[in-house]
Number of protein chains: 2
Amino acid sequence: MELNDRKLKILQAVVADFINSAEPIGSRTLSKRDDIDVSPATIRNEMSDLEEMGYLTHPHTSAGRVPSDKAYRLYVDELMSHSELSPEEKEVIKEKLDQGSEELDRTLEHASKVLSEMTNLVSFAVTPKEENKIKYINFLPVDETSVVLMIVCENGRVSNTAIRVGCPYTEENLTLMSKVATHNYSGQSVSNILTQDIMEEFERDLPQLTGMSSSVVPGFIKTLEKMLDVDLYVNGYKNVFALPEFNDVEKVKDVYDIVTNKDQFSQVLVNRDNGLVVTIGDENSPDLKDFALITADYRVNGKMVGRLGVLGPKRMKYDEVTSVIKYITDNMNNTFEIEGEVQDE
Amino acid sequence: MELNDRKLKILQAVVADFINSAEPIGSRTLSKRDDIDVSPATIRNEMSDLEEMGYLTHPHTSAGRVPSDKAYRLYVDELMSHSELSPEEKEVIKEKLDQGSEELDRTLEHASKVLSEMTNLVSFAVTPKEENKIKYINFLPVDETSVVLMIVCENGRVSNTAIRVGCPYTEENLTLMSKVATHNYSGQSVSNILTQDIMEEFERDLPQLTGMSSSVVPGFIKTLEKMLDVDLYVNGYKNVFALPEFNDVEKVKDVYDIVTNKDQFSQVLVNRDNGLVVTIGDENSPDLKDFALITADYRVNGKMVGRLGVLGPKRMKYDEVTSVIKYITDNMNNTFEIEGEVQDE
DNA sequence: TATTAGCACTCAAATAACACGAGTGCTAAC
DNA sequence: GTTAGCACTCGTGTTATTTGAGTGCTAATA
């Protein structure tokens, strides 16, 4: 059997209608649409064919049709409109993005928030497991019993931790320690440093400070390990409360479990392909089989520095959401690269 | 009418049973209890009196009795048992607490997590709006276009922000800037600094660096403002999914709104009395009228440095929860003060 | 006089019966 | 190839009925 034009039109209508209404679509409903001018009976025949071909399903005999994963896939790839965002929408997004642009290291987090606001879905941002190279390491005094360890990477990211030291120290000790650590590790990637016997190296190069080393090194290692973790920000969880498919506590809980199981979820996100990617239902891992996931990369100078996305029901406004995601990831670049861009008055 | 012994015993039984079962308690159920040996009819009479006195209510004529807020209050103040935690429970808590003890500045956050695990309720931690005094201020180089601002307070808290600078700088510039800023502001409280015209002061004392000042000062101010915010950590939200009173999406959403409306919720928490405080139903603000809130302070050297608590249904195991909270807040002190305490073998 | 057995009464919740209607599939006519 | 017509299906909503846990009241009891 072949997917002729009429079948495609009907399929497209079913998917579009279902995305809007979340209700199974019947033949009579479809026949009332302006763009379809055949009788319900004809539509029924076509729908029956489409079902046989795996594009539609039936919740039960006397219900309308619902799109299958295969139908969503076809819809996204071929059928849906690719409307541009209106200038007003663009303006709104631009404005929202700009509100968070001062906080350099929270750009991604902020963009994810904007994304959830624009799509009314659960959104997230994830930083890649990056092979950061250390620029320098600084131990700074706080009070008698604690110091701050500060690690600056070449890409500008900064981590710091407060560390309790077991013994008294002087500022000279700290300066020395900072110098030695920077000398030993600057230019190396974090994961590479972690393969070494850091404690031994500290003791070797700072034999007069073994007491301090023993209390500082574990914190140092912990901080490095933390730097290897991907950061995952989730926003707009409360949007699920408004979606009819989640009008049941179990479902709401499922989504909560997914987005709060950060290790597993970030794994899924990190392992995705680059670019704009849409995965629907069965295309995802089993725990996401009832969802659609859309992600896009955010790049600076061609290098991927983060991934942004939304999680929602398969019944998702794919065209709008992809437009918004694309616009945001493109525009974040501008926020970064072009400062003080000319504003049209 | 008077609250005689039998009334108290019955009331106590109703509250305790309801806390366990979440079901209205009938006279027959009560009469089967070992500690009550009067007939259902007698109990009915007593319950009727208790209802008249405002301690019990009736969902409807043919249902059992449910405790009122007044009953919970009496229960907490007079009726409930104050069982000590078992040595095993103490051991479990101690162990969990210890797992997070390295991360000095996350102690409170971690303790809140332990609290939610032990109580199966939503827990939170909040830091007081503190009048921190600045110890020193440091501007550190990251790359050509950005610096890190680091502010260390006398109490050991550290804040840092990445700031994009509009013009090239040298390390000497930064050192100078750090010195001037530290000289001008160390010893002062954050809120006090914010009352001053910081930009003017930078320009006055660093006339040769006006370009840098103009790009750095806004970030400096923003960081100071952020330091004034209270930090609120919420843990164990997913515990609400298991409670029968939240088997409805609306209710689940209500709790979510409460704990994610950080400004409002932290306001409620910050304004509480010191010490162990239990507020039930109407004793709370209207949006919390269906909940009970328990908080306790965590002190170091007598100074309150944080507040820990749980949010749950009024039907809460008050004795257990208060024991756990008390034990955690007491024990956090130990984690801090006494390092390497003798372990009993 | 306090307690309790007995009993009529109430009402939410569960169950059953039923009508409704949106939808289907099939057949025969156009 | 398309469509009108029709019997059939089945979820949904409505109403009636039953069930049972629980109450309040009264009268008997200790």
Side-chain angles (χ1 to χ4, degrees), chain A residues 1-11 13-15 17-18 20-68 71 244-245 247-248, chain B residues 1-11 13-15 17-18 20-68 71 244-245 247-248:
Chain A
M1 205 168 337
E2 206 204 346
L3 265 181
N4 57 28
D5 272 7
R6 195 170 63 188
K7 282 196 174 55
L8 282 176
K9 197 186 245 173
I10 287 173
L11 186 55
V14 172
V15 177
D17 263 27
F18 186 73
N20 265 315
S21 69
E23 300 287 338
I25 316 296
S27 55
R28 237 177 74 82
T29 317
L30 274 195
S31 75
K32 284 187 201 136
R33 285 176 62 117
D34 290 346
D35 56 341
I36 292 181
D37 50 2
V38 287
S39 76
T42 311
I43 295 173
R44 281 203 286 282
N45 289 331
E46 295 288 40
M47 279 175 143
S48 176
D49 289 352
L50 285 166
E51 181 157 1
E52 202 177 317
M53 296 163 83
Y55 289 104
L56 294 178
T57 51
H58 240 169
H60 55 87
T61 349
S62 65
R65 289 330 205 279
V66 166
S68 69
E245 31 271 283
N247 60 358
D248 153 34
Chain B
M1 209 169 333
E2 206 204 349
L3 266 180
N4 58 28
D5 273 7
R6 195 169 64 191
K7 282 197 172 61
L8 282 176
K9 197 186 244 174
I10 287 172
L11 185 56
V14 171
V15 177
D17 264 28
F18 187 74
N20 265 316
S21 70
E23 300 288 339
I25 316 297
S27 55
R28 237 176 76 80
T29 318
L30 274 195
S31 75
K32 284 186 201 137
R33 287 177 63 119
D34 290 346
D35 57 340
I36 292 181
D37 50 0
V38 287
S39 75
T42 310
I43 295 173
R44 281 203 288 283
N45 289 329
E46 296 287 41
M47 280 173 143
S48 176
D49 290 351
L50 285 167
E51 181 157 359
E52 202 177 318
M53 295 163 81
Y55 289 105
L56 294 178
T57 50
H58 240 169
H60 54 89
T61 348
S62 66
R65 291 324 206 283
V66 166
S68 68
E245 31 270 282
N247 60 357
D248 152 34

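Below, read A as the first sequence line, B as the second, and so on, with proteins coming before strands; counting in each chain starts at 1.
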Taking side chain as C-beta onward, heavy atoms only, is [X] less than 4.5 Å from [Y]?
X       : Y       : answer
B/Arg65 : B/Leu50 : no
A/Arg44 : A/Pro40 : yes
B/Glu46 : B/Ile43 : no

Base, sugar-phosphate alone, or nothing: which one does B/Ser62 contact when heavy atoms must sit under 4.0 Å apart? base
Just call it for A/Arg65: base, sugar-phosphate, or nothing, with non-hydrogen atoms closer than 4.0 Å on any strand.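 Answer is sugar-phosphate: A/Arg65 comes under 4.0 Å of backbone atoms only.
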Does A/Arg33 CZ have over 12 foreign heavy atoms under 6.0 Å away? yes
Can you confirm whether A/Asp5 is buried at CG, in the sense that more than 12 heavy atoms of other residues, nucleotides or ligands lie under 6.0 Å from that atom? no
Rounding to an integer number of Å, can you tell me how far [X] [atom1] sits from [N] [atom2]?
X       : N      : atom1 : atom2 : result
B/Asp49 : D/dC25 : CG    : P     : 11 Å
A/Met47 : C/dC26 : CE    : C1'   : 17 Å
A/Leu30 : C/dA22 : CG    : P     : 15 Å
A/His58 : D/dC10 : NE2   : P     : 10 Å
A/Ile43 : C/dG25 : CD1   : P     : 13 Å
A/Ile10 : D/dT2  : CD1   : P     : 10 Å
B/Lys32 : D/dA21 : NZ    : P     : 9 Å
B/Asn45 : C/dA5  : CG    : P     : 13 Å

Does B/Ser27 place a side-chain N or O at less than 4.0 Å from the phosphate oxygens OP1/OP2 of D/dT23? yes
Residue-phosphate contact under 4.0 Å: A/Ser48 side-chain N/O, C/dT24 OP1/OP2: no
Bend angle of the helix from C/dT1-D/dA30 to C/dC30-D/dG1, from helix axes over five pairs at each end, nearest 10°: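 One end axis against the other gives 20°.
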Identify the heavy atoms of [X] and [Y] that sit nearest to each other, and give their distance.
X       : Y       : value
A/Ala13 : A/Ile36 : CB-CD1, 3.9 Å
B/Asn4  : B/Lys7  : OD1-N, 2.8 Å
A/Ser31 : A/Val38 : CB-O, 3.7 Å

Kindly state which residues belonging to residues 35-42 of chain B come within less than 4.0 angstrom of DNA chain C, counting heavy atoms of the residue only, listed by number. B/Val38, B/Ser39, B/Ala41, B/Thr42
Of B/Glu46 and B/His60, whose nearest nucleotide on DNA chain C comes first from the 5' end?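 Upstream on the strand: B/Glu46.
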Decide yes or no on side chain to side chain contact (heavy atoms under 4.5 Å, CB included) for A/Arg28 and A/Lys32, but give the supporting numbers first. CA-CA 7 Å; A/Arg28 237 177 74 82; A/Lys32 284 187 201 136; 3.5 Å; yes
For the side chain of A/Arg28, starting at C-beta, report the closest nucleotide among C/dC11, C/dT24, C/dG23.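 The answer is C/dG23, which lies nearest to the side chain.
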Closest approach to the side chain of A/Arg44, judged atom by atom: which nucleotide of D/dT23, D/dC6, C/dT10 is it?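 Within the option list, the nearest is D/dC6.
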For B/Val14, run the side-chain contact (heavy atoms from CB on, under 4.5 Å) check against B/Val66, B/Thr29, B/Ile25 and tell me which one passes. B/Ile25
